[in-house]
Amino acid sequence: MLSRETQARVDGLRQASDQAIATRIAHIDMALGALRQTAAAWSFTLALPTGKDLGDAIARQAEQHIRIELLLQERAYLQSLRIALGHESARQLLQRLHGEHRQAYQTLCGNLARQQEQIRAYPLRAYLPGTAQHAAMAAMQAEEARLREANALAYQRYLAQRQHLAPVDAGSIASFQIDQARLDSCLRDLVHAMASMEGQLRDNWWRALRELFARYGPTAALLVLSAILLPVAIRAFFYFVLAPLAARMPPLSVARELQVAGNALALPQPLLTPGESRISAVSQALQLQPGQQMLIHPAYLQASPVNSTKRTQWLLDWRFPFTSLAAGMLLLTRLRSEQAASVTISASDDPLLEVAIVHLPAGCALVFQPRGLVGLICDAGQPLAISSHWRLGSLHAWLTLQLRFIVFRGPVTLIVRGCRGVRLERADQGRSISQCATLGFSTDVLYSTLRSDTFMPYLRGQQALLNDRFDGDNGVYLYEETARHGKQAGKAGSWFEGCADAILKVFGI
């Protein structure tokens, strides 16, 4: 395409005037200057291209070099055409062209000499990108390319004038023919230069990093965004959809649904006064009657009669080995006495723990989590009245992960521990407490769940999704003042503790 345009333009100037030819030569000189500047600028912009832009850049460079070569051939032919027209003194023109060639050659030699001096002075920094010496070296190399083209052009003019030194007319000059060999040589040089540049690009770490980010960056960003937003969406779904749905479900009556006795658990007389619900102390004194036995964790047995009989009880109840192991009720001390004996119980292994005594008379039943149990007193020779009940069909149970209830029936006395104290309160017309603090409740209460009051504390992991709710005038519930199990997420090691607590909660422990 470019070759045909050049051929047609030159053929049209064969019969043109000297002024028209001179004007075209001036236009060619201006176009050559602009093209050389553009080619030099692209040579710097191609330093770190992306793989996508490299093909377009090579095509543009090839087109620029072809345009320059075609313009050089056109100018040489038009200059010869002007000489043939006899409007200049051939010999004077030959001398002047010879002088221009010598000047161009000397300038080129000076440029090469300065490059050698730069290399000798700065052998490393002259080739290190980013340094002033490298920038100066690159500028001299760009200048060298321009000077070589100017020298070649001056030499071609000189040769053309020497060949046409004898006066000839325009008709004796052969028609213009594009030198395809010179175009091919120009393209071969460009291909070699581009191949070298591609090798540098393959070894360039910044380009590799850019391509890696372009390929995997959007996917990685989407994964990070999903990891951030997905937990928020799940928590929002639980809070605004599932929790209100569970709150509208009818409460669970353990005495009716689990078919256990629902007699009220009598509160001690001091608890009838408002604000007097605390039933725990640092230590408690118990009376062990003849015919009774005490199963107690050794760490909580502070003082006992020396004439009492002590044996090792491997598990709290062999019917519930997993529950006994998970609750820590193993390797217990079994005490029996032939006469009434006073036993002192105290939480000697943790200064924050207090112990409480809960008496279950005959006919009473208490849903209790064995994690809060440290011992009990029951009739010797009688098996413990403990039963487990699964509630797989209750939405309350699934949302709280409390799928199994452990029920203790009287007569039995439970020795309970709690962080900073244990409280026993009436359910009255409805009470709500944190699930993490709940230790147990009597079977005659109506048990349900209630969504936490505010969303942001739940979203930040500061509150649980649901609280335990107890209703019923005769029912009571038992809880520790400061929950030490199921703490909020977000602290070191709490993820593993949370998983363990969730598993234990599923089994009602």
Subject >> Those residues that, when tested against Glu481, pass salt bridge (Lys or Arg N to Asp or Glu O under 4.0 Å) (two or more places apart) >> reply: Arg278, Arg423
Original post:
Once you round to the nearest 0.5 Å, how far does CZ of Arg235 lie from CE of Met456?
Top reply: 11.0 Å
Original post:
Okay, side chain of Tyr479, backbone of Gly418: is any donor-acceptor separation there less than 3.5 Å?
Top reply: no
**OP:** Of all the heavy-atom pairs spanning Ile279 and Leu424, show the shortest one and how long it is.
**Re:** CD1-CB, 3.8 Å
Original post:
Can you tell if the side chain of Thr449 reaches within under 4.5 Å of the side chain of Gln435, non-hydrogen atoms only?
Top reply: yes
**OP:** Quick one: pull up CG in Leu316 and CG in Leu330 and give me the separation to the nearest 0.5 Å.
**Re:** 10.0 Å
**OP:** Output yes when a side-chain donor or acceptor of Gln284 lies under 3.5 Å from a complementary backbone atom of Val355, and no otherwise.
**Re:** yes
Original post:
To the nearest 0.5 Å, how far apart are SG in Cys378 and CD1 in Ile386?
Top reply: 8.5 Å
Original post:
Are there more than 12 heavy atoms of other residues, nucleotides or ligands under 6.0 Å from atom CZ of Phe238?
Top reply: no
Original post:
Are the side chains of Leu439 and Phe368 in touch, meaning some heavy atoms are under 4.5 Å apart?
Top reply: yes
**OP:** Measure the CG-CD distance between Leu335 and Gln292 for me, rounded to the nearest 0.5 Å.
**Re:** 12.0 Å
**OP:** Start with the C-alpha gap between Val476 and Val445, add the side-chain angles, then the distance that decides, and say whether side chain to side chain contact (heavy atoms under 4.5 Å, CB included) holds.
**Re:** CA-CA 7 Å; Val476 297; Val445 303; 5.9 Å; no
Subject >> Closest non-hydrogen atom pair between Asn467 and Ile433, with its separation >> reply: CB-O, 3.2 Å
Original post:
For Glu5, does the CD atom have more than 12 heavy-atom neighbours from other residues, nucleotides or ligands under 6.0 Å away?
Top reply: yes
Subject >> Close side-chain approach of Ser452 to Tyr239, heavy-atom, < 4.5 Å >> reply: yes
Subject >> Heavy-atom closest contact (Ala31 atom, Leu71 atom, distance) >> reply: CB-CD1, 3.9 Å
Subject >> side-chain contact (heavy atoms from CB on, under 4.5 Å), paired with Glu354, selected from Ser346, Ser283, Ser280, Cys419 >> reply: Ser280
Subject >> Any Gln463 side-chain heavy atom under 4.5 Å of Thr454 side chain >> reply: yes
**OP:** Just do the side chain to side chain contact (heavy atoms under 4.5 Å, CB included) check on Ile377 and Gln289 with the steps written out, would you?
**Re:** CA-CA 10 Å; Ile377 298 176; Gln289 301 296 331; over 6 Å; no
**OP:** Could you tell me which non-hydrogen atom of Pro218 sits nearest to which non-hydrogen atom of Phe213, and how far apart they are?
**Re:** CD-O, 3.7 Å
Original post:
side chain to side chain donor-acceptor pair (under 3.5 Å) with Ser304: which residues, sequence neighbours excluded?
Top reply: Lys310
Original post:
Mind checking whether Phe455 and Phe240 have ring centres under 6.0 Å apart?
Top reply: yes
**OP:** Indicate the ring-plane relationship of Phe441 and Tyr447, choosing parallel, tilted or perpendicular according to the 30° and 60° boundaries.
**Re:** parallel
Subject >> Contacts of type side-chain contact (heavy atoms from CB on, under 4.5 Å), residue Ala385, not counting sequence neighbours >> reply: Arg409
Original post:
Parallel, tilted or perpendicular: which fits the ring planes of Tyr300 and His297, with parallel below 30° and perpendicular above 60°?
Top reply: perpendicular
Original post:
Quick check: are there more than 12 heavy atoms from other residues, nucleotides or ligands sitting under 6.0 Å from CZ of Arg319?
Top reply: yes
Original post:
Do we see a donor-acceptor contact under 3.5 Å between the side chains of Ser277 and Glu425?
Top reply: yes
**OP:** Starting from the C-alpha separation in whole Å, work towards a yes-or-no answer on side chain to side chain contact (heavy atoms under 4.5 Å, CB included) for Ile119 and Met137.
**Re:** CA-CA 8 Å; Ile119 293 174; Met137 190 69 181; 3.4 Å; yes
**OP:** Compare all side-chain heavy atoms of Val282 with those of Pro351 and state whether any distance is below 4.5 angstrom.
**Re:** no
**OP:** Would you check, one step at a time, whether the test side chain to side chain contact (heavy atoms under 4.5 Å, CB included) holds for Ser308 with Arg336?
**Re:** CA-CA 6 Å; Ser308 60; Arg336 292 181 182 178; over 6 Å; no
Subject >> Thr131 side-chain N/O to Arg125 backbone N/O, donor-acceptor pair under 3.5 Å >> reply: yes
Original post:
How close do Val367 and Thr443 get, heavy atom to heavy atom, and via which atoms?
Top reply: CG2-CG2, 3.9 Å
Original post:
Shortest non-hydrogen contact from Arg371 to Ala437?
Top reply: NH2-C, 4.4 Å
**OP:** Rounded to the nearest 0.5 Å, what's the gap from CD1 on Ile296 to CG on Leu301? Could you check?
**Re:** 6.5 Å
Original post:
How many angstroms lie between OG in Ser432 and CZ in Arg469, if you round to the nearest 0.5 Å?
Top reply: 8.0 Å
Subject >> Backbone of Ser388 reached by a side-chain donor or acceptor of Arg404 within 3.5 Å >> reply: no
Original post:
Under a 4.5 Å cut-off applied to non-hydrogen side-chain atoms, are Tyr477 and Thr438 in contact?
Top reply: no
